[in-house]
Amino acid sequence: MIKTFIDKLLGKKTGAAAGRGKSRFGKRVDVPVAVHGIDPELVDKRASDVVRTLKQAGFEAYVVGGAVRDLLLGLRPKDFDVATNATPEQVKGLFRRAFIIGKRFRIVHVVYGRGREHEVIEVSTFRAFLDNAAAEQVSGNEKTSKAQLAGMHHAVDASGRVLRDNVWGPQDEDATRRDFTVNAMYYDPETQVVVDFHKGIEDAKKKILRMIGDPATRYREDPVRIIRAVRFAAKLSQLGFKLDPKTSRPLVESEHLLNDVPQSRLFDEMLKLLQTGHSIASIAQLKELGLAKGIYPLLDIVVERADHTFVNAALMDTDRRVGEGKTVAPSFLLACVLWQDVKTGWEQRMQRQQPFPALQDAIDDVFDKRIGDVSGRGKLAADMREIWVMQPRFDKRSGSTPYGMVAHLRFRAGFDFLRLRADVGEVDEHIAEWWQEFQQADDARRDDMMEQAREEQRAKQRKAQPASRRAAPKQGNAPAASNADQPKAKTTATPPREPEGSFEQAEIGEPPAAGPAKKRRRRRRKPGGAEGGASSSGGGSQDSSPD
């Protein structure tokens with residue numbers, strides 16, 4: 001009794017209170033390899049090197065998060081994160097190529113290799129589990145309260161969303177502040193021990209995705225956890241995982257909290273939903289959980305059009321490429337999703353504009369209406385524009401255009417887009433097959449292919465002519481006019497007009513293909529010294545301008 005009284009005076013928790021305090025941060029369980037069965041060959045050597053370097057410097061360090069979850073399931077993780085009790089500055093000092101990034105969560109990127117071998121191991125410091133009710137509060141958000149947030153380590157906005165969380169703490173508290181139990185385990189590649197505080201291994205065996213703590217509170221702290229719940233459920237659904245009912249129940253009622261999340265962060269989370277190899281499953285989860293609308297405007301369009309033949313083909317192609325270990329680009333998938341808008345706007349404008357300006361204006365309109373501030377991300381917008389602008393140019397298979405096309409930096413993306421359009425019947429399969437062969441052929445074969453394409457074009461033009469022009473009456477009985485009696489025709493060569501919808505190479509900013517200089521032909525004067533009429537403008541080129 002005296003000990004209990006003294007403990008109360010000192011502020012120590014006793015009896016049941018102490019038990020509750022301990023359970024709040026879980027109970028540490030060290031699980032040996034004989035139980036968890038992780039194959040060490042699946043662990044990235046660079047992640048092991050980071051852990052070893054930190055431990056040799058006297059710090060604790062573990063592979064953490066989704067990588068441990070995937071290792072437990074026998075999967076090879078795509079990304080490896082490391083957690084340690086070393087501060088970001090201490091981590092940075094141990095590696096030659098290491099960079100501290102982030103404001104909300106300060107972490108370190110340790111970089112290995114260059115080019116295709118480029119790999120980043122993300123290293124975070126154990127964080128304390130703090131009561132957000134006691135955190136410093138700002139009235140604005142990340143942008144409007146920048147100056148105020150500069151000196152804060154733990155801060156929230158008016159809704160309770162965490163804006164700063166850089167208070168270091170012990171490992172058990174770090175585990176408690178993570179989201180799902182299966183993502184809160186730590187693996188030491190040297191001892192091959194898994195450290196589990198919240199029965200993550202047990203939930204992995206039961207195939208349950210369960211939020212640590214009260215789900216509604218955790219969604220309020222970071223609303224992006226709503227999207228993460230959908231993504232993990234989609235990724236693991238093929239293995240039989242389900243969201244715990246208590247975890248899924250507050251999702252819809254918490255969705256409005258995403259309105260306060262920066263658009264750039266929502267855009268990045270949307271891409272993770274669509275480009276991690278489970279886009280079809282992610283869209284199915286959004287519909288099943290009642291989140292088909294309201295997360296992000298562009299994502300709403302993807303979900304709405306997921307059943308459209310062309311968009312569905314693009315989503316399936318993206319999942320296939322990720323599954324095969326190939327790269328995917330957000331510009332390609334978004335170009336597929338928004339192609340319907342571009343095509344409709346282009347067709348409407350061509351009634352009053354030339355094809356190329358009509359297409360550019362349609363693209364600008366789509367960027368303004370559908371993408372918003374993302375259009376300011378230069379490379380993404382530029383890549384999408386080039387993919388779209390290439391499409392009508394695939395109709396031109398003569399002159400210098402084919403050579404300029406295959407040399408274009410974005411040709412492969414543009415061709416893949418064309419290939420997908422052919423697969424769903426939007427363009428002639430023959431066109432896609434022609435370009436497939438042309439890009440792989442030698443120069444002699446390319447010349448033959450272009451000559452064949454020219455013959456096909458001439459045949460189409462003859463077929464399109466009126467019957468009266470195709471079968472013009474012969475003038476056999478009329479006396480032939482002598483050369484002297486006929487006016488001299490102007491001899492300046494006029495290039496043939498291109499089919500509507502095709503554009504010259506220079507129109508999208510490419511240098512014209514090099515070729516032999518054209519010889520100038522001298523004009524002849526008409527009899528009597530009269531000069532010929534004004535020259536006609538050649539070929540309808542939209543780059544033409546008066547001298």
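- A salt bridge is absent between Lys205 and Glu202: the closest approach of a Lys/Arg side-chain nitrogen to an acidic carboxylate oxygen does not fall below 4.0 angstrom.
- Within the structure, the salt bridge (Lys or Arg N to Asp or Glu O under 4.0 Å) test picks out the following pairs touching residues 291-314 (sequence neighbours left out): Lys287-Asp307, Arg305-Asp341.
- Ion pair Arg178/Asp174 flagged as a salt bridge, since at least one NZ, NE, NH1 or NH2 atom sits closer than 4.0 Å to an Asp/Glu carboxylate oxygen.
- A salt bridge links Arg210 with Asp203; the closest basic N to acidic carboxylate O contact falls under 4.0 Å.
- With no hydrogens or angles considered, a side-chain donor-acceptor pair links Gln391 and Arg421 at under 3.5 Å.
- Partner Asp222 forms a salt bridge (charged side-chain N to carboxylate O under 4.0 Å, His left out) with one of Arg228, Arg177, Arg265 and no other, that one being Arg265.
- Sorted by first then second residue, the ring-ring contact (aromatic ring centres under 6.0 Å, His included) pairs that include residues 199-239, not counting sequence neighbours, are Phe180-Phe232.
- Every residue two or more places apart in sequence or in another chain was checked for a side-chain hydrogen bond (donor to acceptor under 3.5 Å, both in side chains) with Lys78, and none qualifies.
- With hydrogens and angles ignored, the 3.5 Å screen pairs a side-chain donor or acceptor of Arg225 with a backbone N or O of Arg218.
- For Lys207, the side chain to side chain contact (heavy atoms under 4.5 Å, CB included) partners at least two apart in sequence or on another chain are Phe241.
- Qualifying side chain to side chain contact (heavy atoms under 4.5 Å, CB included) partners for Glu190, counting only residues two or more places apart in sequence or in other chains: Arg52, Lys55, Asp188.
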* Going through the distances and angles, do Arg96 and Val111 end up as a side-chain contact (heavy atoms from CB on, under 4.5 Å)? -> CA-CA 9 Å; Arg96 185 173 61 86; Val111 183; over 6 Å; no

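- A donor and an acceptor atom, one from each side chain of Asn183 and Arg69, are located under 3.5 Å apart.
- Judged purely by atom type and a 3.5 angstrom limit, Ser279 has no side-chain atom pairing as donor or acceptor with the backbone of Gln275.
- Ala422 is linked by a side chain to side chain contact (heavy atoms under 4.5 Å, CB included) to Arg419, Val427, Glu429, Ala432, counting only residues two or more places apart in sequence or in another chain.
- Distance CG/Leu271 to CG/Leu380: 8.0 Å, rounded to 0.5 Å.
- Using a cut-off of 4.0 Å between Lys/Arg side-chain N and Asp/Glu carboxylate O, Arg76 and Asp39 are scored as not salt-bridged.
- Here Asp319 does not pair with Arg321 in a salt bridge; the nearest charged N to carboxylate O distance is not below 4.0 Å.
- Among residues two or more places apart in sequence or in another chain, the side-chain hydrogen bond (donor to acceptor under 3.5 Å, both in side chains) test is passed with Arg349 by none.
- With sequence neighbours excluded, the residues that form a side chain to side chain contact (heavy atoms under 4.5 Å, CB included) with Ala281 are Ala234, Ser237, His278.
- A salt bridge is defined here as a Lys NZ or Arg NE, NH1 or NH2 lying under 4.0 Å from an Asp or Glu carboxylate O, and Asp364 with Lys369 fails to meet this definition.
- Aromatic ring centres of Phe310 and Phe417: separated by under 6.0 Å.
- Side-chain contact of Asp196 with Tyr186: a donor-acceptor pair under 3.5 Å is absent, judged by distance alone.
- In this view, His109 and Glu122 satisfy the side-chain hydrogen bond (donor to acceptor under 3.5 Å, both in side chains) rule, not counting sequence neighbours.
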* Stepwise side-chain contact (heavy atoms from CB on, under 4.5 Å) test for Val29 and Phe197 -> CA-CA 6 Å; Val29 177; Phe197 289 92; over 6 Å; no

Please report, to 0.1 Å, the donor-acceptor pairs under 3.5 Å made by any side chain of residues 79-92, with sequence neighbours excluded.
| from | atom 1 | to | atom 2 | distance (Å) |
| --- | --- | --- | --- | --- |
| Thr84 | OG1 | Glu60 | O | 2.6 |
| Thr84 | OG1 | Ala86 | N | 3.1 |
| Asn85 | OD1 | Glu60 | N | 2.9 |
| Thr87 | OG1 | Gln90 | N | 3.3 |
| Thr87 | OG1 | Gln90 | OE1 | 3.3 |
| Glu89 | OE2 | Arg106 | NH1 | 3.3 |
| Glu89 | OE2 | Arg106 | NH2 | 2.5 |
| Gln90 | OE1 | Thr87 | N | 2.9 |

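- Thr53 is linked by a side-chain hydrogen bond (donor to acceptor under 3.5 Å, both in side chains) to nothing, counting only residues two or more places apart in sequence or in another chain.
- For Lys379 and Asp383, the salt-bridge test passes: some basic side-chain N is under 4.0 Å from an acidic carboxylate O.
- A donor-acceptor pair is defined here as one N or O able to donate and one able to accept, closer than 3.5 Å; no such pair exists between the side chain of Thr181 and the backbone of Lys199.
- A salt bridge is defined here as a Lys NZ or Arg NE, NH1 or NH2 lying under 4.0 Å from an Asp or Glu carboxylate O, and Asp44 with Arg46 meets this definition.
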Check residues 249-256 and write down every donor-acceptor pair under 3.5 Å in which the side-chain atom is one partner and the other belongs to a residue at least two apart or another chain.
| from | atom 1 | to | atom 2 | distance (Å) |
| --- | --- | --- | --- | --- |
| Ser254 | OG | Pro250 | O | 2.7 |
| Glu255 | OE2 | Ile295 | N | 3.4 |
| His256 | ND1 | Glu253 | O | 3.0 |

